[in-house]
Novice: 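First the structure, which I've put down as structure tokens, then a few questions once you've had a look.
We're numbering straight along the sequence, starting at 1.
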Amino acid sequence: AGATLDASGGGNITLRGGRTNNGTFTRGASTVTFDSGGIQALVSGGTGAAKRFWNLNTATANTRVQAGTNAVEAQNLTIAASTIFELNGVNLDLNPGTISNDGTFRLQGNETVTIGGGMDTNSGLVYYDGTGAYAALVAGLGNTYYNLQFSSTGAGSWTTAAALTVNSNLTVSAGTVTLGNTLDVNA
């Protein structure tokens with residue numbers, strides 16, 4: 001508490017370890033890149049301007065960013081090929097930004113996701129792995145995906161409330177998916 005990291009001059013930050021914010025982060029138009037090739041923890045320390053990223057990226061193959069106990073807020077999220085960004089049940093606010101996903105965006109199903117500019121639907125995998133019962137897919141992601149997978153280590157179940165479009169592959173490897181409307185897979 002009381003500490004400040006000031007990147008308002010546009011400095012970019014590359015992290016090869018975890019990131020915990022217990023103070024103030026002045027982001028400016030900086031890019032924070034997780035680049036370890038392994039598991040990295042992201043603990044935002046809370047919400048609000050002092051905790052918000054501008055651009056948040058994953059970079060090196062096999063990098064797996066796991067959100068901690070607080071919501072993650074950023075302008076834009078870029079998930080590189082062969083990397084994973086996991087929400088782990090915490091919320092994501094990218095308003096008014098976007099998600100560019102060439103890797104894997106992993107969530108349970110109970111998160112609140114706000115994306116002002118939308119998520120690309122021409123690449124990447126969205127992977128639901130929750131163990132609860134979810135009445136709808138995460139609304140902020142929309143109803144169109146490129147690759148979509150459901151896989152629960154427990155009794156996870158998801159219901160699609162709206163028409164669902166998958167532009168490449170749909171995989172249900174564990175758990176139950178109940179269609180509440182139409183499904184269009186364009187593989």
Side-chain angles (χ1 to χ4, degrees), residues 14-19 31-44 53 55-94 97-132 134 136-154 156-158 160 164-177 183-187:
T14 300
L15 300 173
R16 291 185 180 85
R19 189 238 188 220
T31 297
V32 175
T33 301
F34 287 85
D35 190 26
S36 75
I39 295 174
Q40 292 179 265
L42 168 58
V43 180
S44 65
F53 295 95
N55 293 312
L56 183 58
N57 298 346
T58 63
T60 302
N62 299 317
T63 295
R64 185 173 183 165
V65 178
Q66 296 178 325
T69 56
N70 300 107
V72 176
E73 296 180 343
Q75 182 74 17
N76 298 298
L77 172 62
T78 301
I79 305 168
S82 301
T83 68
I84 300 169
F85 189 89
E86 290 185 60
L87 283 184
N88 288 328
V90 303
N91 298 333
L92 176 66
D93 181 356
L94 298 175
T98 62
I99 293 179
S100 175
N101 181 14
D102 289 328
T104 301
F105 182 47
R106 193 167 176 165
L107 57 165
Q108 295 171 356
N110 59 332
E111 299 89 348
T112 298
V113 175
T114 305
I115 309 170
M119 177 180 70
D120 70 10
T121 58
N122 62 353
S123 62
L125 169 67
V126 174
Y127 186 103
Y128 285 93
D129 67 357
T131 57
Y134 309 100
L137 300 185
V138 173
L141 296 180
N143 297 311
T144 302
Y145 298 82
Y146 185 69
N147 290 307
L148 179 60
Q149 182 170 350
F150 298 89
S151 183
S152 176
T153 58
S157 63
W158 299 267
T160 64
L164 181 64
T165 300
V166 179
N167 290 328
S168 187
N169 296 306
L170 171 66
T171 304
V172 180
S173 53
T176 302
V177 176
L183 170 63
D184 185 16
V185 179
N186 301 307

Novice: Taking all atoms of both residues into account, what is the closest heavy-atom pair of L92 and L77, and its distance?
Specialist: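 Nearest heavy atoms, L92 then L77: CD2-CD2, 4.2 Å.
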
Novice: Under 4.5 Å between any side-chain heavy atoms of T78 and N55, yes or no?
Specialist: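 No, every pair of side-chain atoms sits at 4.5 Å or beyond.
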
Novice: Apply side-chain hydrogen bond (donor to acceptor under 3.5 Å, both in side chains) to N76 and T98, showing your working.
Specialist: CA-CA 5 Å; N76 298 298; T98 62; 3.2 Å; yes

Novice: Working to the nearest 0.5 angstrom, can you tell me the gap between E73 CD and F53 CZ?
Specialist: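 Spacing of CD (E73) from CZ (F53) equals 10.0 Å.
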
Novice: Please report the shortest heavy-atom distance between Q149 and S173, naming the atom on each side.
Specialist: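 Residues Q149 and S173, closest heavy atoms: NE2-OG, 3.3 Å.
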
Novice: List the residues meeting side chain to side chain contact (heavy atoms under 4.5 Å, CB included) with D102, not counting sequence neighbours, and say none if there are none.
Specialist: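 D102 satisfies side chain to side chain contact (heavy atoms under 4.5 Å, CB included) with A81, S123 only.
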
Novice: Where do L107 and V138 land on the side chain to side chain contact (heavy atoms under 4.5 Å, CB included) test, with the steps shown first?
Specialist: CA-CA 9 Å; L107 57 165; V138 173; 3.3 Å; yes

Novice: Does D120 have any salt bridge (Lys or Arg N to Asp or Glu O under 4.0 Å) partners at least two apart in sequence or in another chain, and if so, which?
Specialist: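 Partners of D120 under the salt bridge (Lys or Arg N to Asp or Glu O under 4.0 Å) test: none.
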
Novice: Please report the interatomic distance CG(N167) to OG1(T144), rounded to the nearest 0.5 Å.
Specialist: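 Answer rounded to 0.5 Å: 6.5 Å.
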
Novice: Which heavy-atom pair separates V43 from G68 by the least distance, and what is that distance?
Specialist: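 Scanning both residues completely, I find the closest heavy atoms to be CG2-CA, 4.3 Å.
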
Novice: With a 4.5 Å limit on heavy-atom distance, are the side chains of F150 and L170 in contact?
Specialist: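 Yes, side chains in contact.
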
Novice: Going by the side-chain contact (heavy atoms from CB on, under 4.5 Å) test, name the single residue among T104, T58, N57, L56 that passes it with I79.
Specialist: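 So the option named by the test is T58.
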
Novice: Residues two or more places apart in sequence or in another chain: which of them pass side chain to side chain contact (heavy atoms under 4.5 Å, CB included) with T112?
Specialist: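 Side chain to side chain contact (heavy atoms under 4.5 Å, CB included) check on T112 returns N91, T114.
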
Novice: Ignoring hydrogens and angles, tell me if any N or O in the side chain of Q40 forms a donor-acceptor pair with the backbone of L15 under 3.5 Å.
Specialist: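 Yes; judged by distance alone, with no hydrogens or angles, the pair exists.
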
Novice: Take N169 and L125 through the test side chain to side chain contact (heavy atoms under 4.5 Å, CB included) and record every step on the way to the result.
Specialist: CA-CA 9 Å; N169 296 306; L125 169 67; over 6 Å; no

Novice: Check whether any side-chain heavy atom of F105 lies under 4.5 Å from a side-chain heavy atom of L141, and answer yes or no.
Specialist: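 Yes; the side chains approach each other to less than 4.5 Å.
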
Novice: Taking all heavy atoms of I39 and all of Q66, pick out the closest pair and write down the distance.
Specialist: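 Reported closest heavy-atom pair: CG2-OE1, 3.3 Å.
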
Novice: Hey, could you give me the CG/CG distance between N70 and L42, rounded to the nearest 0.5 Å?
Specialist: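 Separation between the atoms: 9.5 Å.
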
Novice: Find out whether L137 and L164 are in side-chain contact, i.e. whether some heavy atom of one side chain is under 4.5 Å from a heavy atom of the other.
Specialist: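 Heavy-atom side-chain distance check passes, below 4.5 Å.
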
Novice: Write down the atom of M119, the atom of Y145, and the distance for their closest heavy-atom approach.
Specialist: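 Nearest pair, atom of M119 first, then Y145: CE-CD2, 4.1 Å.
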
Novice: Would you say that Q108 contacts D129 through its side chain, given a criterion of any heavy-atom pair below 4.5 Å between the two side chains?
Specialist: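 A side-chain contact exists here, since the closest heavy-atom pair is under 4.5 Å.
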
Novice: Parallel, tilted or perpendicular for W158 and Y134, by the 30°/60° rule?
Specialist: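 W158 vs Y134 ring planes: parallel.
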
Novice: Is there a donor in the side chain of S168 and an acceptor in the side chain of N147, or the other way round, less than 3.5 Å apart?
Specialist: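 Yes, because at least one side-chain N or O of S168 sits under 3.5 Å from a partner of the opposite role on N147.
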
Novice: At their closest point, which heavy atom of T131 faces which heavy atom of S152, and how far apart are they?
Specialist: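 Here T131 and S152 meet closest at CA-OG, 3.7 Å.
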
